[in-house]
Amino acid sequence: MMTLKDLMATFPNEDACKRFLMERRWPTGVVSCPRCGNEKVYALPSRPWHWACKECGPNKRQPYRFSITAGTILENTKYPVKTWFEVLWQMLNSKKGVSALQIQRQIGSGAYKTAWYMCHRLRAAMHDPDFQKLMGIVELDETYIGGSDRNRHWDKKVGKRGMGSGKIPVIGAIARKDNVVCQMIDDAGFDTYDRFVREAISDKVTLVATDESPSYRHFGKFLPHETVLHSGHEYVRGEVHTQSIEGFWSLLKRGIIGTYHNVSKKYLPLYLAEFQFRYNNRKNPDIFGEAIRGC
């Protein structure tokens with residue numbers, strides 16, 4: 001993991017940051033135009049880190065010009081790449097996340113909304129383009145994000161009873177000592193669970209461990225499925241348990257409650273992507289470079 005001292009030494013100026021971004025984005029050099037895909041692009045000697053493409057410009061005398069950040073989340077932003085790198089490092093090195101207010105203080109932004117916007121852009125880039133279905137022993141579970149209905153202001157109460165009332169359901173699966181995948185769902189129903197399992201878990205899995213929720217009862221028809229009876233105070237039976245996924249839920253909720261305090265349904269998928277990316281790359285010494293590659 002890159003330390004703050006390493007970050008400052010590796011990226012002392014804007015040129016160093018842009019060089020690193022270029023290496024991650026175009027390892028063999030700029031090979032095509034990000035707008036039209038034309039491979040006949042050329043560097044602009046008068047403007048470092050800028051290139052031109054004659055194919056998609058207004059005319060041959062006015063080629064389309066693009067910079068190193070064109071087509072990335074850093075495009076059309078006023079802050080230098082070095083500032084973006086500092087914000088990203090802070091997000092990746094905070095186990096339970098970092099608030100936009102802290103980022104605002106760090107970069108000296110005059111507006112909270114600017115820091116919030118930067119954080120959300122970086123979260124949107126934290127995805128796994130090479131995702132492979134989970135193998136081995138996999139744990140499956142669901143959780144609910146949000147406060148209790150009784151703690152809400154009178155005009156925000158949902159007015160429903162039962163588990164998860166007024167909360168946002170999230171389903172997740174984790175391979176033991178490996179990756180986790182989670183997503184927000186609209187309902188905790190049979191069809192939703194089935195669709196998630198078929199997309200996230202390989203049919204060659206060794207074991208799928210869950211609790212005794214009725215929504216999981218059909219998995220045994222096409223997967224090796226075992227359950228633990230939490231209602232009967234059974235939490236571990238040999239290799240059958242859900243401790244790993246519950247540990248991830250604990251980390252997620254501590255981050256939301258302790259760092260962000262409140263997360264809306266609209267932006268929850270971005271926070272899930274952040275926690276998932278950080279967890280899946282926890283042993284990756286080049287987690288920073290991996291995040292830059294997704295930008």
Side-chain angles (χ1 to χ4, degrees), residues 1-38 41-53 56 63-94 97-130 267 270-271 273-275 277-278 280-281 284-295:
M1 182 72 72
M2 182 185 292
T3 64
L4 180 59
K5 184 178 180 181
D6 294 335
L7 181 76
M8 296 295 103
T10 307
F11 308 113
N13 51 50
E14 189 72 358
D15 281 343
C17 296
K18 290 182 177 179
R19 189 176 301 110
F20 185 81
L21 177 60
M22 181 174 176
E23 290 171 354
R24 291 291 166 167
R25 187 179 184 189
W26 294 301
T28 59
V30 181
V31 295
S32 63
C33 171
R35 176 188 282 182
C36 68
N38 172 38
V41 296
Y42 57 93
L44 296 175
S46 60
R47 299 189 68 186
W49 309 109
H50 283 75
W51 294 262
C53 170
C56 56
Y64 165 63
R65 298 177 180 180
F66 62 93
S67 70
I68 187 68
T69 60
T72 72
I73 63 168
L74 313 181
E75 186 177 15
N76 297 326
T77 59
K78 295 182 179 179
Y79 280 91
V81 178
K82 190 173 185 294
T83 301
W84 282 92
F85 276 26
E86 292 171 359
V87 173
L88 176 62
W89 180 89
Q90 186 73 23
M91 293 176 68
L92 295 177
N93 282 268
S94 302
V98 59
S99 68
L101 188 61
Q102 176 63 29
I103 295 299
Q104 179 190 11
R105 290 192 289 262
Q106 176 182 318
I107 65 177
S109 170
Y112 169 83
K113 190 174 182 179
T114 300
W116 178 87
Y117 175 76
M118 292 178 74
C119 290
H120 274 333
R121 274 205 169 192
L122 289 169
R123 289 185 184 106
M126 294 182 188
H127 58 86
D128 182 9
D130 305 317
Y267 296 108
L270 293 176
Y271 290 94
E274 176 190 353
F275 277 85
F277 180 86
R278 197 160 46 225
N280 291 345
N281 288 276
N284 184 358
D286 191 32
I287 182 175
F288 186 86
E290 186 68 21
I292 291 298
R293 186 167 70 97
C295 291

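Under the side-chain contact (heavy atoms from CB on, under 4.5 Å) criterion, Y42 pairs with L44, A52, K54, P63, sequence neighbours left out. Residues that satisfy the side-chain hydrogen bond (donor to acceptor under 3.5 Å, both in side chains) test with W116, not counting sequence neighbours, are H120. R47 pairs by the salt bridge (Lys or Arg N to Asp or Glu O under 4.0 Å) definition with nothing, not counting sequence neighbours. Applying the side-chain hydrogen bond (donor to acceptor under 3.5 Å, both in side chains) criterion to S94, with sequence neighbours excluded, gives no partner residue. Residues forming a side-chain contact (heavy atoms from CB on, under 4.5 Å) with N280 (at least two apart in sequence, or on another chain): N179, V180, Q276. Residues passing the side-chain hydrogen bond (donor to acceptor under 3.5 Å, both in side chains) test with Q104: none are found, sequence neighbours excluded. In this view, F288 and F11, F85 satisfy the ring-ring contact (aromatic ring centres under 6.0 Å, His included) rule, not counting sequence neighbours. Remark: Q90 engages no residue in a side-chain hydrogen bond (donor to acceptor under 3.5 Å, both in side chains) (not counting sequence neighbours).
Expressed to the nearest 0.5 Å, how far CD1 of I292 lies from CG of L122 amounts to 7.5 Å. Separation of atoms CZ (R105) and OG (S99) is listed at 6.0 Å; rounding is to 0.5 Å. Here L101 contributes atom CG and C119 contributes atom SG; the two are 10.5 Å apart, rounded to the nearest 0.5 Å. Atom CE of M118 sits about 4.5 Å away from atom CD1 of I107, to the nearest 0.5 Å.
In this structure, the side chains of M91 and V87 come closer than 4.5 Å at one or more pairs of heavy atoms. Counting only heavy atoms from C-beta outward, the side chains of E290 and M126 never approach each other to under 4.5 Å.
Nearest approach of A100 to A115, heavy atoms of both residues: O-CB, 3.3 Å. In plain terms, the two heavy atoms of P12 and A16 that are nearest each other are CD-CB, 3.8 Å. Among all heavy-atom pairs drawn from E274 and G97, the shortest one is OE2-CA, 3.8 Å. Between R123 and V98, the closest heavy-atom pair is NH2-O, 4.1 Å. Nearest heavy atom pair, residue C53 against residue V41, reads CB-CG1, 4.0 Å. Contact between A43 and P45 at its shortest, heavy atoms only, is O-CD, 3.3 Å.
Note on residues 6-25: pairs passing side chain to side chain donor-acceptor pair (under 3.5 Å), not counting sequence neighbours, are T3-D6, D15-W49, R24-D286.
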Candidate pair K78 and T114, rule side-chain contact (heavy atoms from CB on, under 4.5 Å), full reasoning: CA-CA 10 Å; K78 295 182 179 179; T114 300; over 6 Å; no
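Looking only at distances, no side-chain donor or acceptor of R35 sits under 3.5 Å from a matching main-chain atom of Y64.
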For residues 65-75, please give each side-chain donor-acceptor pair under 3.5 Å, one per line with the distance, not counting sequence neighbours.
residue : atom : partner : partner atom : Å
S67     : OG   : T69     : N            : 3.3
S67     : OG   : T69     : OG1          : 3.1
T72     : OG1  : T69     : O            : 2.6
T72     : OG1  : L74     : N            : 3.1
E75     : OE1  : G71     : N            : 2.9

